[in-house]
Number of protein chains: 2
Amino acid sequence: MARASSVKDVAARAHVSLGTVSNVLNRPERVSPATRAKVEQAMRDLGFVRNESARQLRAGRSRTLAYVLLDARNPFFTDVAQGAELAAESAGLSLFLCHSGNRPSREADYLAHLVEQRVQGILVTPVDPHAAVLDDVRRNGTPLVIVDRTREDAEFCSVAVDDVLGGRLAVEHLVEAGHTRVAFIGGPETIGQVRDRLAGARQAWAAAGLPDDQLTVIATDALTVAEGRSAGERVMGIGSSRRPTAAFCVNDLLALGLLQQLSTAGLSVPRDLAIVGYDDIEYAAAAAVPLTSVRQPRQELGRRAAELVLDEAEDPDHQHQQVVFTPELVARRSTLG
Amino acid sequence: MARASSVKDVAARAHVSLGTVSNVLNRPERVSPATRAKVEQAMRDLGFVRNESARQLRAGRSRTLAYVLLDARNPFFTDVAQGAELAAESAGLSLFLCHSGNRPSREADYLAHLVEQRVQGILVTPVDPHAAVLDDVRRNGTPLVIVDRTREDAEFCSVAVDDVLGGRLAVEHLVEAGHTRVAFIGGPETIGQVRDRLAGARQAWAAAGLPDDQLTVIATDALTVAEGRSAGERVMGIGSSRRPTAAFCVNDLLALGLLQQLSTAGLSVPRDLAIVGYDDIEYAAAAAVPLTSVRQPRQELGRRAAELVLDEAEDPDHQHQQVVFTPELVARRSTLG
DNA sequence: TTGTACGCGTTATCAA
DNA sequence: TTGATAACGCGTACAA
């Protein structure tokens with residue numbers, strides 16, 4: 001396949017100068033209709049396509065945003081991506097999704113590549129929000145916004161959801177329904193979300209005057225359906241006199257696994273065990289027993305993150321902000337019997 | 001924030017010429033350890049980052065692949081993306097995911113942008129495999145592979161799965177289980193997959209010597225959970241003497257919706273209705289009643305597509321290939337009672 | 001071993 | 001209205 005044609009080729013074919021071709025592209029009003037037609041014809045003949053690398057080299061800035069995410073298979077992240085996509089589109093930009101698969105090395109690869117590409121801005125849900133790679137990006141001057149994670153220092157913009165509040169909402173809901181023995185299912189605690197939601201759960205529990213030891217923590221190794229099933233086995237292993245009557249799962253995948261395990265074992269939800277999930281993914285409402293869940297404004301999260309990164313890119317007086325959204329409980333049959 | 005520093009800045013700071021800096025980057029063996037150290041120190045001091053646009057302009061080729069997909073929220077596509085990601089990684093490339101959201105205009109935007117970026121190659125699951133935008137990409141010389149769709153002409157490489165066979169496997173499985181009234185649920189028929197799987201279903205049905213009118217087609221407007229629920233209502237509206245005893249759904253989302261609708265209505269799966277889905281997404285095995293489903297080698301699909309696009313990019317003698325993978329039925333409780 | 005000079009494709013300035 | 005030319009940052013052939 002021959003080398004793609006350039007403005008120079010177009011100019012030659014249209015018998016005009018290179019500057020005129022450029023004018024046709026960038027200030028068409030300055031060029032006479034006749035020559036413009038000639039040039040446009042030449043472009044069609046040659047199948048001319050602007051070379052974005054050259055434009056960018058010249059302009060010093062690109063027309064793309066990127067979102068580096070942990071796991072494209074988790075609907076939470078793809079919804080966030082969708083929100084960012086909409087914001088990017090209305091700013092006339094492309095959004096590239098990069099899938100780190102939870103691996104620090106691949107995440108670092110992508111970040112480095114994006115910085116080298118001089119993208120306008122990067123959104124990232126990092127494996128570890130304190131990793132030095134993020135600071136490297138900052139030092140190289142590429143705007144970066146942390147999504148769904150937070151850092152104590154105010155070196156970056158971030159958008160997140162109030163997970164402590166989310167945990168509180170979930171447990172308050174169960175307490176109001178009269179439950180006095182509840183299981184908290186989730187882990188590992190290295191994940192900030194897990195810690196925060198547990199903290200919120202404990203706040204609500206204490207506020208209701210319930211004894212500490214009636215809020216059982218069942219630790220999992222990951223936030224997956226399979227772990228949910230295994231947690232279900234452990235819950236059922238608890239003697240019935242001490243068994244919780246409700247469970248709060250750190251995310252919907254766990255809740256779905258738990259639900260499946262219970263119905264396999266012939267138990268009924270919510271009669272034998274009420275369940276609250278977290279994230280309100282599409283499959284939550286579509287489960288065999290529709291799942292009560294804590295909904296996060298996912299699209300809004302992505303949209304706001306994209307706006308912040310653009311502000312950082314364009315406004316010299318940009319101030320970093322930590323945006324915190326408010327979650328909301330959606331009650332369904334898994335707690336309403 | 002100041003302009004990012006260039007090789008020129010590094011050269012000035014290290015008191016060497018610009019060519020030497022370039023040598024440190026590209027042929028470090030040619031430069032003496034002493035000056036090399038000096039240059040590397042200057043790079044660190046300035047936070048120097050190569051400008052990929054300039055490199056690419058010079059080199060004429062980029063270091064990225066892209067996958068333009070229909071719906072990032074469908075696990076099928078993200079699994080394909082994962083396979084492509086692995087292949088890209090082992091070739092030392094980045095893979096950018098672009099989400100068209102099933103909209104032809106956004107798909108066209110992305111394809112145009114990628115061609116302008118001169119990416120090494122594009123994988124695409126197009127809204128319409130016959131759309132002219134694909135031919136435009138080809139004419140501009142960017143290698144392109146069609147994923148999970150096919151075209152009759154051999155203008156492109158493509159990777160797909162044998163959907164006729166998949167349809168046959170599903171229905172053969174139901175026939176072997178003794179079902180003689182079966183519903184085919186899916187649509188719209190503008191989607192090639194729907195047509196092919198239906199064709200396969202009919203083949204198997206005819207081969208078993210069963211009468212045409214006992215294979216009922218229930219058309220849906222989309223392949224979503226919500227449509228599955230609505231299909232469920234329609235199935236249940238059929239008088240019990242004529243009601244199918246099994247359903248074959250064109251994808252797992254439909255099957256999950258159907259399953260949910262049935263259990264809401266107090267019917268049992270598979271006793272009242274056996275269900276076969278398609279795709280074998282993670283949630284299929286995790287459903288309240290684990291779903292029998294037709295599995296496609298999704299990661300393999302992505303991996304192979306990436307390999308083909310790289311071959312097209314690198315081998316001047318490249319021949320287009322239509323790769324067709326073989327699906328496989330995974331039997332679970334939704335048909336095994 | 002190090003330095004100089006040119007070109008990649010585009011855009012913008014300035015002169016004609 | 002159109003044309004000539006410089007510059008963006010990098011890589012490389014060639015000269016010193």
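Letters A, B, ... are given to chains in the order of the sequence lines, protein chains preceding strands, and every chain is numbered from 1. Given the structure is predicted, the values throughout are model-derived calculations rather than measurements. Just so it is clear, the values below take in all heavy atoms, side chains as well, and ignore hydrogens, waters and symmetry mates.
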Looking only at D:dG11, C:dT10, C:dG3, the nucleotide nearest the B:L25 side chain is D:dG11
Which whole-number value in Å describes the distance from A:R118 CZ to D:dC8 P? 14 Å
Taking CZ from A:R61 and P from D:dC8, how many angstroms apart are they, rounded to a whole number? 18 Å
Using a cut-off of strictly less than 4.0 Å, decide whether A:K8 has a side-chain nitrogen or oxygen near OP1 or OP2 of C:dC8. yes
Provide, to the nearest angstrom, the distance between the CE atom belonging to A:M43 and the P atom belonging to C:dG9. 15 Å
Any base atoms under 4.0 Å from B:R55, or only sugar-phosphate, or nothing? Heavy atoms, all strands. sugar-phosphate
Applying side-chain hydrogen bond (donor to acceptor under 3.5 Å, both in side chains), can you list everything that pairs with B:R118, at least two apart in sequence or on another chain? none
Has A:S53 got a side-chain N or O lying under 4.0 Å from the OP1 or OP2 atom of C:dG9? no
Pull out every protein N or O sitting under 3.5 Å from an N or O of nucleotides 13-15 of chain D, one pair per line with the distance.
none

Check side-chain hydrogen bond (donor to acceptor under 3.5 Å, both in side chains) between A:N23 and all other residues, then give those that pass, not counting sequence neighbours. A:R27
Between A:Q117 (CD) and D:dG9 (C1'), how many Å, whole number? 15 Å
Step by step, would you call B:N51 with A:Q56 a side-chain hydrogen bond (donor to acceptor under 3.5 Å, both in side chains)? CA-CA 10 Å; B:N51 183 321; A:Q56 191 172 320; 5.7 Å; no
Between B:T20 and C:dT2, is there a contact of a side-chain N or O with OP1 or OP2 at under 4.0 Å? no
Using side-chain hydrogen bond (donor to acceptor under 3.5 Å, both in side chains) as the criterion, list what pairs up with B:E116, not counting sequence neighbours. none
How would you label the contact of A:V49 with the nucleic acid (heavy atoms, under 4.0 Å): base, sugar-phosphate, or nothing? sugar-phosphate
Is it the case that the side chain of B:S90 and the backbone of B:L86 share a donor-acceptor pair, with hydrogens and angles ignored and the cut-off at 3.5 Å? yes
Distance-only donor-acceptor pairs under 3.5 Å for side chains of residues 310-317 of chain B, two or more places apart:
| unit_1 | atom_1 | unit_2 | atom_2 | d |
| --- | --- | --- | --- | --- |
| B:D311 | OD2 | B:H318 | ND1 | 2.6 |
| B:E312 | OE2 | B:R138 | NH2 | 2.9 |
| B:D315 | OD1 | B:D317 | N | 2.7 |

Whole-Å gap separating P (D:dT1) and CD (A:E29): 10 Å
Between C:dC8, C:dT10, C:dG3, which nucleotide gets closest to the side-chain atoms of B:L57? C:dC8
Using the closest heavy atom to pick a nucleotide of DNA chain C for each, name whichever of B:R36 or B:A54 lands nearer the 5' end. B:R36
For B:K38 and C:dT1, what is the distance between atoms NZ and C1' respectively, to the nearest whole Å? 12 Å
If only side-chain N and O atoms count, and only distance matters, is there a donor-acceptor pair under 3.5 Å linking B:S62 with B:Q120? no
Contact under 4.0 Å: B:R50 side-chain N or O vs D:dG11 OP1/OP2: yes
Between A:S32 and D:dT2, does any side-chain N or O lie under 4.0 Å from OP1 or OP2? yes
Listed by chain and number, what are the side-chain hydrogen bond (donor to acceptor under 3.5 Å, both in side chains) partners of B:R73, not counting sequence neighbours? A:D79
Nearest to the side chain of B:V31 - C:dC8, C:dT2, D:dT2? C:dT2
Are A:N51 and C:dT10 close enough that a side-chain N or O sits under 4.0 Å from OP1 or OP2? no
Roughly, in whole Å, what's the span from CD in B:E52 to C1' in C:dC8? 14 Å
CG of A:N26 versus C1' of C:dG9: gap in Å, rounded? 12 Å
